[in-house]
Q: 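Handing you this structure, nothing more for now.
Position 1 is the first residue of the sequence, and the numbers go up from there.
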Amino acid sequence: MPTYVAYMTSPLGPLRLVGDGTVLFSVTMTEQRHAATGDAGWHRDDSAFEAARRQLDEYFAGQRQTFDLALAPNGTAFQQRVWAALADIPFGHTENYGELARRIGSPRAARAVGLANGRNPIPIIVPCHRVIGADGSLTGYGGGIERKRWLLQHEGLPVPASQARLI
């Protein structure tokens, strides 16, 4: 089965969508840690992923709070549990790593949850930006802390003044 890559513009910079043309395997931002690397077998088709591009545009325009897309992120069973739990954090809400670890039934795994969160291959849609430090701080984000600030502010969440710089 061929793998397709499409690019779209966003307020966060260019986004790269990778998958089979319909099902998303990853969404990456420029300068994102743990981004999927290009493969010689990938086929560029900027018309692919029509539903994903439309829903992302609606989200950025403030017209969408949830996504309804076919996703197939590649990860371990633990990572899959964390990513599934991320999808349950509602728009405009945050959760800290410890809370997320307790919710998935691994209360002592806050650090492992943080690592899995950082490896989320489908940010924005699988909202890893909604996970914050126990003290309310904006801890790391694969796409950069400035993008995390922007996403949280876009969702109407207060960001401490010391962390409120926009991209």
Q: Could you tell me whether the side chain of Arg147 and the main chain of Leu12 form a donor-acceptor pair under 3.5 Å?
A: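 Between the backbone of Leu12 and the side chain of Arg147 there is a qualifying donor-acceptor contact (under 3.5 Å).
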Q: In a check of side-chain contact (heavy atoms from CB on, under 4.5 Å) between Leu15 and each of Thr9, Ile124, Thr28, which one passes?
A: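 With Leu15 as partner, Thr9, Ile124, Thr28 yield a single side-chain contact (heavy atoms from CB on, under 4.5 Å), made by Ile124.
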Q: Taking the six-membered ring for Trp, are Tyr59 and Phe91 parallel (under 30°), tilted (30 to 60°) or perpendicular (over 60°)?
A: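 Answer is perpendicular, since the angle exceeds 60°.
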Q: Between the main-chain N or O of Tyr7 and the side-chain N or O of Asp46, is there a donor-acceptor pair closer than 3.5 Å?
A: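 At least one qualifying donor-acceptor pair exists.
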Q: Which heavy atom of Pro73 sits nearest a heavy atom of Leu71, and at what distance?
A: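 Answer, listing the atom of Pro73 first, then Leu71: CD-C, 3.6 Å.
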Q: If only atom types and distance count, is the side chain of Gln153 paired as donor or acceptor with the main-chain N or O of Trp150 below 3.5 Å?
A: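 No; judged by distance alone, with no hydrogens or angles, the pair does not exist.
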Q: Determine whether His93 and Glu155 satisfy the following criterion, side-chain hydrogen bond (donor to acceptor under 3.5 Å, both in side chains), listing intermediate values before the conclusion.
A: CA-CA 8 Å; His93 291 82; Glu155 294 188 11; over 6 Å; no
Q: Does atom CG (Asn74) have a neighbourhood of more than 12 heavy atoms from anything else shown, all under 6.0 Å?
A: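 No, CG of Asn74 has 12 or fewer neighbouring heavy atoms, counting only those of other groups under 6.0 Å.
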Q: So, Arg54 and Glu58, do they make that salt bridge, N to O below 4.0 Å?
A: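 Glu58 and Arg54: salt-bridged.
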Q: Does some side-chain heavy atom of Gln79 sit less than 4.5 Å from a side-chain heavy atom of Arg119?
A: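 Counting from C-beta outward, Arg119 and Gln79 do come under 4.5 Å.
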Q: Report yes if some heavy atom in the side chain of Asn96 is under 4.5 Å from a heavy atom in the side chain of Val131; otherwise report no.
A: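 Side chain of Asn96 against side chain of Val131, heavy atoms only: no contact under 4.5 Å found.
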Q: Counting C-beta onward and ignoring hydrogens, is there a side-chain heavy-atom pair between Tyr97 and Thr139 closer than 4.5 Å?
A: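 Sidechains of Thr139 and Tyr97: in contact.
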Q: Are Met29 and Pro123 close enough that some pair of their side-chain heavy atoms sits under 4.5 Å apart?
A: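 When only atoms from C-beta onward are counted, Pro123 and Met29 do touch, with a gap below 4.5 Å.
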Q: Using modelled atom types only, decide if a donor and an acceptor are shared between the side chain of Asn120 and the backbone of Val126 within a distance under 3.5 Å.
A: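 Yes; at least one donor-acceptor contact below 3.5 Å.
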Q: Restricting to non-hydrogen atoms, name the atom on Leu24 and the atom on Ile122 that form the minimum distance, rounded to 0.1 Å.
A: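 Closest approach of Leu24 to Ile122, heavy atoms only: O-CD1, 3.8 Å.
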Q: Let me confirm one number: the CD-CG distance from Glu95 to Asn117, rounded to the nearest 0.5 Å.
A: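 Going from CD on Glu95 over to CG on Asn117, the span is 10.0 Å.
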Q: Enter the distance from Ile125:CD1 to Leu86:CG here, rounded to the nearest 0.5 Å.
A: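 Here the rounded value is 13.0 Å.
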Q: Ignoring hydrogens and angles, tell me if any N or O in the side chain of Gln80 forms a donor-acceptor pair with the backbone of Ala77 under 3.5 Å.
A: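 Between the backbone of Ala77 and the side chain of Gln80 there is no qualifying donor-acceptor contact (under 3.5 Å).
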Q: With side-chain contact (heavy atoms from CB on, under 4.5 Å) as the criterion, how do Leu152 and His129 come out once you've worked through the C-alpha distance, each side chain's angles and the decisive distance to 0.1 Å?
A: CA-CA 7 Å; Leu152 293 174; His129 61 277; 4.0 Å; yes
Q: Answer whether the closest heavy-atom distance between the side chains of Ser106 and Phe78 falls below 4.5 Å.
A: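 Side chain of Ser106 against side chain of Phe78, heavy atoms only: contact under 4.5 Å found.
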Q: Using the ring of each side chain (for Trp, its six-membered ring), is Phe60 parallel, tilted or perpendicular to His154, with breaks at 30° and 60°?
A: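 Answer is tilted, since the angle falls between 30° and 60°.
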Q: What is the minimum heavy-atom distance between Tyr4 and Asp45, and which atoms define it?
A: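 Distance-wise, the nearest heavy atoms are CD2-CB, 4.1 Å.
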Q: Would you compute the distance between atom CZ of Arg149 and atom CG of Leu157 and round it to the nearest 0.5 angstrom?
A: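 Going from CZ on Arg149 over to CG on Leu157, the span is 14.5 Å.
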Q: Without swapping roles, check the side chain of Gln55 against the backbone of Asp68 for a donor-acceptor pair under 3.5 Å.
A: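 It does hold such a pair.
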Q: How far apart are the closest heavy atoms of Asp57 and Met8, and which atoms are they?
A: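 Between these two residues, the closest heavy atoms are OD1-CE, 3.2 Å.
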Q: Out of curiosity, Asp20 CG to His43 NE2, how far, rounded to the nearest 0.5 Å?
A: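 Those atoms lie 11.5 Å apart.
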Q: To the nearest 0.5 Å, how far apart are OH in Tyr141 and CG in Leu151?
A: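 CG of Leu151 is found 5.0 Å from OH of Tyr141.
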Q: Okay, side chain of Arg64, backbone of Leu56: is any donor-acceptor separation there less than 3.5 Å?
A: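 No, the answer is negative, given that no donor and acceptor are paired below the 3.5 Å cut-off.
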Q: Provide the closest heavy-atom pair for Pro121 versus Phe25 in the form atom of the first, atom of the second, distance.
A: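 For Pro121 versus Phe25, the nearest heavy atoms are CB-O, 3.8 Å.
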Q: Judged by atom type as modelled, is there a donor-acceptor pair below 3.5 Å linking the side chain of Lys148 to the main-chain atoms of Cys128?
A: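 No; judged by distance alone, with no hydrogens or angles, the pair does not exist.
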Q: Would you say Arg130's side chain and Ile89's backbone share a donor-acceptor pair under 3.5 angstrom?
A: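 Answer holds: yes.
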Q: If I take atom CD1 from residue Ile132 and atom CG from residue Leu100, how far apart are they, to the nearest 0.5 angstrom?
A: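 Between Ile132 CD1 and Leu100 CG, I get 12.0 Å after rounding to 0.5 Å.
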Q: Tell me, with the steps shown, if Trp42 and Val18 meet side-chain contact (heavy atoms from CB on, under 4.5 Å).
A: CA-CA 9 Å; Trp42 289 6; Val18 177; 3.7 Å; yes
Q: Looking at every heavy atom in both Arg103 and Asp88, which two are closest together, and how far apart are they?
A: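 Smallest heavy-atom distance, with atoms named: NH1-CB, 3.7 Å.
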